[in-house]
Amino acid sequence: MSKFGEQESRGYDRRATKLLGGLYRHIADEAAAATGTGGAVLDVGTGPGLLLAHLGRRRPDLLLHGVDLSPHMIALARANLAEHAAELTVGDVGALPYPDNSFDLVVSSLSMHEWPDPVAAAAELERVLRPRGTLAIYDFRFVRDASMRSALGARFAAPTVRRKVVRPRWYPIGLYAQWSARAA
């Protein structure tokens, strides 16, 4: 996973705020619907925390957590989430700094294509999910995902691992893919 420096982080925050609000709203709607009252949510590759901010506005009852490899992104996320109670941590998807069975929902948006080791990522995602927890990964539709699908298939029950194209009405030129799985 690439580590954004301060300038790259600020640039991404500006672009994401302008261009990706609709995608984050869409994901937040799906995450809100998929999580029970008081559920714990982890956003992997949280970047500037925009997804968590949308989710916090919809569901203030949720326990929000975000992890990102870049300390600069985490600093931006702290600023963007000032009005929300969220725990933000610098960390890598291949070695998540959380105990086993910590989250009801693990979500990631537009970071999977940066993960260097899909096998380690899938193992960690499974480890931190609670039994019957949900994993939802969103990324660009054109991302090569065979190794990630294989890694998820080795960790999660095959019928629960699926990929679908997200065709947002609010952003007709954007096609994204969602990979989802459910913990046993």
Side-chain angles (χ1 to χ4, degrees), residues 12 15-68 77 80-81 83-88 93 96 98 101-115 118 121-122 124-126 128-143 145 148-149 151-153 155-184:
Y12 183 88
R15 288 187 307 279
T17 298
K18 289 179 185 175
L19 301 174
L20 298 174
L23 177 64
Y24 290 135
R25 284 189 296 277
H26 174 82
I27 297 170
D29 287 343
E30 288 192 352
T35 310
T37 303
V41 176
L42 173 63
D43 181 15
V44 176
T46 197
L50 300 175
L51 172 59
L52 289 178
H54 284 288
L55 191 53
R57 282 192 288 277
R58 281 164 183 70
R59 293 286 305 277
D61 64 296
L62 296 177
L63 304 171
L64 303 176
H65 300 262
V67 63
D68 199 281
N80 289 333
L81 290 161
E83 63 188 57
H84 303 284
E87 178 185 305
L88 300 166
V93 67
L96 292 169
Y98 303 101
N101 304 315
S102 295
F103 300 102
D104 300 294
L105 171 69
V106 175
V107 64
S108 179
S109 57
L110 306 179
S111 73
M112 181 188 77
H113 62 273
E114 298 280 356
W115 300 348
E124 284 295 280
L125 296 169
E126 179 197 35
V128 300
L129 268 175
R130 291 182 176 146
R132 293 175 301 286
T134 301
L135 169 65
I137 303 171
Y138 298 80
D139 212 323
F140 301 107
R141 181 187 54 83
F142 54 79
V143 167
D145 67 337
M148 192 69 218
R149 274 196 281 170
L152 290 172
R155 290 287 177 173
F156 295 90
T160 72
V161 177
R162 53 183 211 276
R163 179 186 191 268
K164 71 177 184 178
V165 174
V166 177
R167 298 178 191 270
R169 286 176 272 154
W170 39 262
Y171 196 56
I173 62 169
L175 292 177
Y176 301 93
Q178 175 191 6
W179 295 261
S180 59
R182 185 166 295 280

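- For the atom pair CG of Asp139 and OG of Ser108, the computed distance is 7.0 Å after rounding to the nearest 0.5 Å.
- The side-chain hydrogen bond (donor to acceptor under 3.5 Å, both in side chains) contacts involving residues 34-46 comprise Asp43-Thr46, where partners must be two or more places apart or lie in separate chains.
- Residues Arg130 and Phe103 form no side-chain contact, since every pair of their non-hydrogen atoms from C-beta on lies 4.5 Å or further apart.
- To the nearest 0.5 Å, atoms CG (Leu129) and CG (Asp104) are separated by 8.5 Å.
- Listed here is the closest heavy atom pair of Ala121 and Met148: CB-CE, 4.5 Å.
- Taken from CD1 in Ile27 to CG in Leu50, the straight-line distance is 11.0 Å, to the nearest 0.5 Å.
- Qualifying ring pair (Phe, Tyr, Trp, His ring centres under 6.0 Å) partners for His113, counting only residues two or more places apart in sequence or in other chains: Phe140.
- For the atom pair His54 NE2 and Leu51 CG, the distance stands at 8.0 Å (nearest 0.5 Å).
- Considering every non-hydrogen atom in both Ser111 and Gly45, the closest pair reads OG-CA, 4.0 Å.
- Heavy atoms only, all atoms of each residue included: Ala77 and Gly49 are closest at CB-N, 3.8 Å.
- Atoms CG and CG, from Leu105 and Leu135 in turn, are 8.0 Å apart once rounded to the nearest 0.5 Å.
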Exercise for the section: Just do the side-chain contact (heavy atoms from CB on, under 4.5 Å) check on Val67 and Val93 with the steps written out, would you? Expected result: CA-CA 8 Å; Val67 63; Val93 67; over 6 Å; no

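- Of all the heavy atoms in Ala151 and Ala122, the pair that sits closest is O-CB, 3.6 Å.
- In this structure, Leu55 and Leu62 have side chains that are in contact, with non-hydrogen atoms separated by less than 4.5 Å.
- Using a 4.5 Å heavy-atom cutoff, the side chains of Val44 and Val106 are in contact.
- Gly36 and Arg59 make their closest contact through O-NH2, 3.1 Å (heavy atoms, listed as atom of the first residue, atom of the second, distance).
- Exactly one residue among Leu42, Leu96, Leu52 makes a side-chain contact (heavy atoms from CB on, under 4.5 Å) with His65. That residue is Leu42.
- Between the side chains of Glu30 and Tyr138, at least one donor-acceptor pair of N or O atoms lies under 3.5 Å.
- Contact annotation: the side chain of Asp68 never approaches that of Leu88 to less than 4.5 Å [non-hydrogen atoms, C-beta and beyond].
- Side-chain contact check for Leu125 versus Ile137: some heavy-atom pair is nearer than 4.5 Å.
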